[in-house]
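Heads up, the thing below is written out as structure tokens.
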Amino acid sequence: MRYETVIGLEVHVELATESKIFCSCSAKFGAGPNEHVCPACCGMPGMLPVVNKRVVDLGMTAGMMLNCHINRTTTFDKKSYYYPDLPCAYQTTQWFAPVAVNGCVEIETSKGKKKVRIKQIHMEEDAGKLVHDIMPDTTHVDFNRTSVPLIEIVSQPDLSGAEEVIAYLERLHALLRFAKVSDCRWEQGSMRCDVNLSVRPEGSSELGVRTEMKNMNSLTAIARAIEYETARHIDALENGTEVLVQETRRWDDVKGKSYAMRNKETAGDYRYFPDPNVMPVVIDDAWYAAIEASLPELPEEKRARYISELGLSEYDAAQLTQSRALCDCFEDAVSVCGKAKDAANWINSEVMNILNARKMNFDMLHIDGKSLGALILLVADGKVGRANGKKVLAAMFDDTTIDPAVYAEENGLIVSHDTGMIDAVIKEAISSDPKAVADYKSGKEKAIMALFGKCMKQLKGNCDPQVLHTMLIDAIKATE
Amino acid sequence: MKLYTSKAETAAASVVVVDDMILTKEMPTAAGSKMLEGYRSLFDAEMITRLHAAGYEIGGKAAVGEFAIDLVGETAYDGACVADGILRNAAAEIIKAGEAKAVVGLDVNGSVRRAAAQNGLISVKPTYGTVSRYGTVPVACSGETVSVMAKTAADCREILEAIAGHDDKDGTSLSEECCAQIKSGGSIAKPAKVAVITGCNLTPDAEAAAKLSAFGAMLEQNGISVTAVDAGVLTTASAAWNILMSAELCNNVSRYDGIKYGYRTENFENIDELYTNSRTEAFGVLLKTAILYGSDALSSENYMKVYDKALRIRRVIADAFAALFAQYDAVLMPACSKMVYTEADVQADRYISFAENCYTAPASITGLPVVVAGGVQMIGKAFAEPMLFAMAELYEKEGK
């Protein structure tokens with residue numbers, strides 16, 4: 001018998017807010033243990049939750065990016081369970097009226113395009129972290145992550161295997177980063193996912209027994225886990241190797257196996273009820289319109305526009321639209337210099353080179369796109385040589401406040417139009433290398449390059465290459 | 001009789017005592033529970049900040065029953081306040097002894113109102129959202145209200161005006177504009193028509209009934225018409241409030257797990273035993289019952305049948321009050337079925353406060369303002385505090 005796999009995903013994404021969801025503690029990753037805590041987020045009595053509006057902004061943004069219906073009245077609910085990393089023994093989440101419902105995401109795989117339906121997106125607070133390895137027999141708890149805002153994106157069971165799952169996750173990753181909803185760093189846990197999987201005979205409309213693998217945090221692990229779990233389910237159905245039960249499993253990526261979690265860790269009734277301390281959030285027309293207006297173009301829309309309106313090549317457009325930071329830099333540069341092709345060239349070659357050399361990813365690009373535009377103009381107008389332009393760019397990476405024109409001026413990187421000085425340099429070059437002059441005259445045209453290089457070096461690059469080339473030929477011809 | 005959990009040395013005239021549900025930096029807050037014995041808050045409640053700003057000194061913390069869900073404080077973990085078998089309320093005793101101008105406390109299940117009524121004092125439970133709950137030990141957040149008890153209506157109003165107002169730190173706090181309405185100033189419309197509720201779940205005894213009729217007679221002598229109205233759906237308020245209060249309580253006290261602060265058992269081998277034994281050893285019987293009751297109401301099996309139904313009853317009761325206020329300016333109700341509670345009462349029924357609250361639950365569940373005077377409750381529509389105080393002052397002038 002042939003089988004098909006049915007997969008639904010719950011993807012958790014930490015929102016890119018400065019502060020936590022219900023208090024003013026920093027939501028940043030990487031502080032020392034319990035440095036970002038206050039009486040509210042470590043569960044002391046008497047503090048009341050006040051919703052961070054930015055969280056709702058980003059929840060709505062995510063909903064709109066994933067083509068969801070936005071609930072104009074959205075409410076927060078309490079979910080109760082005991083665990084030492086949850087200081088109130090309840091998590092504030094959205095159960096009855098999540099911020100966004102009924103969306104869809106289009107993905108593309110080797111089998112073509114497909115729509116994956118989104119059931120809902122809800123906002124909630126993260127839990128803290130247990131640290132087991134400081135002292136033997138003692139567990140420590142770090143509440144820095146407690147109440148960091150999250151959204152959970154729940155898909156319908158529309159995915160049929162690892163390839164589709166990866167395509168879906170990559171698409172979510174791109175859209176959410178483009179909209180600056182989250183930095184989506186798998187390695188820091190700001191994006192993680194639960195995989196719900198079942199297997200059924202091909203063509204059947206009934207769902208099989210479902211298992212859930214929790215807290216997956218890398219694409220390769222997810223792909224491997226799906227392959228393993230699918231094989232395990234089929235083996236059970238085909239050969240009766242085990243009886244499948246609905247359960248939560250943990251994926252061990254080192255051993256390449258999934259294990260059932262203790263029943264105690266997963267069983268329980270969460271006793272959801274509306275949080276009486278958080279008034280329903282009502283999204284009025286003005287708020288809705290403001291978020292709608294703030295949505296970025298989708299990457300593919302930008303790509304198409306860069307090609308059709310700005311005349312970029314497919315390659316250049318595709319390179320730029322890999323990241324919102326590259327697009328923002330490009331668009332800012334073009335707004336100043338008006339030269340789209342030049343700006344694309346600069347970013348896709350010189351900027352990329354520096355990013356690679358400094359081991360920075362695209363999203364870490366921090367230079368001011370408008371300054372880049374000014375630099376491009378200086379080079380295009382022949383005021384700064386291209387090689388010196390790269391020096392200015394490198395300086396802009398070190399200090400983002402640099403004005404390229406001022407920097408070039410102060411550091412002697414401006415092209416000289418003093419033909420007298422150029423003339424003198426040429427004369428010296430010719431007299432120091434009579435062989436090259438003779439070779440050129442006898443028809444070896446390449447011989448001029450040695451003289452050209454010598455002059456350019458002497459001029460510190462501050463010379464229009466065309467001008468130098470013409471003057472050099474004229475000077476050689478003028479020799480005996 | 002232990003009236004205070006902490007007492008400050010002060011000779012100031014403007015001393016206000018707060019009850020032990022109010023968090024203070026300077027003094028510990030136990031909320032009447034062994035679980036929080038010696039617990040010291042890192043911050044002051046908003047009302048403490050406001051009282052200080054208005055020039056009042058905090059004279060101490062008045063004892064309360066465990067998480068303030070009992071009759072008048074008898075479930076305090078370190079002993080009930082009892083004299084000759086009669087249950088006393090610490091806050092009321094402090095006021096009667098002239099040791100404070102007023103006591104500010106948290107009215108969760110009507111204890112402040114019952115105590116004021118039984119001790120011939122004035123209390124006000126203001127409109128929900130007009131006094132910040134920031135820094136109150138949370139129990140039943142959807143209805144509990146910071147309340148004031150004092151000897152006179154003037155003192156009650158003075159302290160209420162000092163603590164009322166919008167607070168950004170409380171998401172349920174109403175706007176400054178709304179809060180301003182409960183303060184005095186301008187002309188106060190004298191009520192013309194008042195309804196007296198009859199047919200409550202429990203029949204008041206002769207003494208309690210006499211208080212109610214005397215108050216009605218006093219109003220009539222002052223030209224206010226008094227009409228008896230059957231309780232109708234208001235009789236469902238107690239059951240609904242018991243569900244909502246217990247459910248919220250169960251959730252709110254779940255943070256006391258022995259991990260972070262508060263009582264921790266010495267008797268544990270693993271995390272489950274740490275949770276279970278800490279809570280088993282530190283919580284009293286009434287609280288445990290409320291936890292179980294609330295937990296059951298919120299279970300996925302019972303949520304729609306029990307909790308959601310209680311939420312809908314809350315709406316029905318609010319509608320019933322709206323209908324009453326379309327015809328009457330205020331509603332009179334007893335505050336308690338008898339004017340003294342004894343130890344024997346609680347021994348006979350340890351859950352007595354879940355039945356006695358048939359009088360206090362209607363205003364708790366709807367957040368409507370209540371002033372207690374002359375041993376009875378006067379309930380008004382939202383922001384009707386000035387009118388309710390005017391009636392209390394009428395009673396002070398004429399009724400005594």
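Heavy atoms only: backbone and side chains are in, while hydrogens, waters and symmetry mates are out. In what follows, chains carry the letters A, B, and so on, assigned in the order in which the sequence lines appear, proteins first and then strands, with residues in each chain numbered from 1.
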Task: For B:F43 against A:G46, the heavy-atom pair lying closest together - done: CZ-C, 3.9 Å
- [ ] Can you tell which part of B:E46 gets under 4.5 Å to a heavy atom of chain A, answering side chain, backbone, both or neither?
- [x] neither
Open item on the list: Looking at A:C42, is its backbone amide N or carbonyl O close enough to the side chain of B:K260 to form a donor-acceptor pair, meaning the two atoms are under 3.5 Å apart?
Closed with: no
TODO: Please check if atom CH2 in A:W95 has more than 12 non-hydrogen atoms from other residues, nucleotides or ligands closer than 6.0 Å.
DONE: no
Open item on the list: Is it the case that over 12 heavy atoms from other parts of the model lie below 6.0 angstrom from the CD atom of B:E26?
Closed with: no
- [ ] Answer yes or no: does atom NZ of A:K119 have more than 12 heavy-atom neighbours from other residues, nucleotides or ligands under 6.0 Å?
- [x] no
Task: Region of B:S300 in contact with chain A, defined by heavy-atom distances below 4.5 Å - done: both
Task: Shortest non-hydrogen contact from A:N277 toward B:R133 - done: OD1-NH2, 2.7 Å
TODO: Count the heavy atoms belonging to other residues, nucleotides or ligands that lie under 6.0 Å from CZ of B:R40, then report whether that count exceeds 12.
DONE: yes
Open item on the list: So, taking the atom named OG in B:S254 and the one named OH in A:Y90, what distance separates them when rounded to the nearest 0.5 Å?
Closed with: 7.0 Å
Task: Ring centers of B:Y307, A:F273 separated by less than 6.0 Å - done: yes
Open item on the list: Quick check on A:P39 against chain B: is it the side chain, the backbone, both or neither that has a heavy atom closer than 4.5 Å?
Closed with: side chain
- [ ] Tell me, with the steps shown, if A:Y82 and B:Y256 meet ring-ring contact (aromatic ring centres under 6.0 Å, His included).
- [x] CA-CA 11 Å; A:Y82 283 93; B:Y256 310 121; over 10 Å; no
Task: Within 6.0 Å of CD in A:E18, more than 12 heavy atoms from elsewhere - done: no
Open item on the list: Between B:S295 and chain A, with a heavy-atom cut-off of 4.5 Å, which part of the residue counts as in contact: side chain, backbone, both or neither?
Closed with: both
- [ ] Could you tell me which of B:G143, B:S132, B:S41, B:C141 has the largest number of non-hydrogen atom pairs under 4.5 Å with chain A?
- [x] B:C141
- [ ] Answer with side chain, backbone, both or neither: which region of A:F22 has an atom nearer than 4.5 Å to a non-hydrogen atom of chain B?
- [x] neither
Open item on the list: Treating A:D269 as the side-chain partner and B:S299 as the backbone partner, does any N or O pair qualify as donor plus acceptor under 3.5 Å?
Closed with: no
Task: Closest non-hydrogen atom pair between A:A89 and B:R255, with its separation - done: CB-N, 4.3 Å
Task: From OG (B:S173) to CE (A:M279), nearest 0.5 Å - done: 10.5 Å
- [ ] Could you look at B:D308 and say if it's the side chain, the backbone, both or neither that has a heavy atom under 4.5 Å from chain A?
- [x] neither
TODO: Drop me the distance from B:L42's CG to A:M47's CE, to the nearest 0.5 angstrom.
DONE: 9.5 Å
Open item on the list: Can you confirm whether more than 12 heavy atoms, excluding those of A:K79, are under 6.0 Å from its NZ atom?
Closed with: yes
Task: OH on A:Y83 to CD1 on B:I271, rounded to 0.5 Å - done: 8.5 Å
Task: Atom pair OH (B:Y261) and CE (A:M44), whose distance is rounded to the nearest 0.5 Å - done: 7.0 Å
Task: Distance flag, aromatic centroids of B:Y275 and A:Y81, threshold under 6.0 Å - done: no
Task: Trace of the side chain to side chain contact (heavy atoms under 4.5 Å, CB included) decision for B:N252 with A:K78 - done: CA-CA 10 Å; B:N252 272 320; A:K78 292 181 170 193; 3.6 Å; yes
- [ ] Specify the closest pair of heavy atoms between A:P276 and B:T172, including all atoms of both residues, with the distance to one decimal.
- [x] O-CG2, 3.5 Å
Open item on the list: With a sphere of 6.0 Å drawn around CZ of B:R264, does it hold more than 12 non-hydrogen atoms of other residues, nucleotides or ligands?
Closed with: yes
Task: Residue pair B:N251 / A:S80: nearest heavy atoms and the distance that separates them - done: ND2-OG, 3.1 Å
Open item on the list: Please find the pair of heavy atoms, one from B:D168 and one from A:V50, that lie closest to each other, and give the distance.
Closed with: O-CG2, 3.4 Å
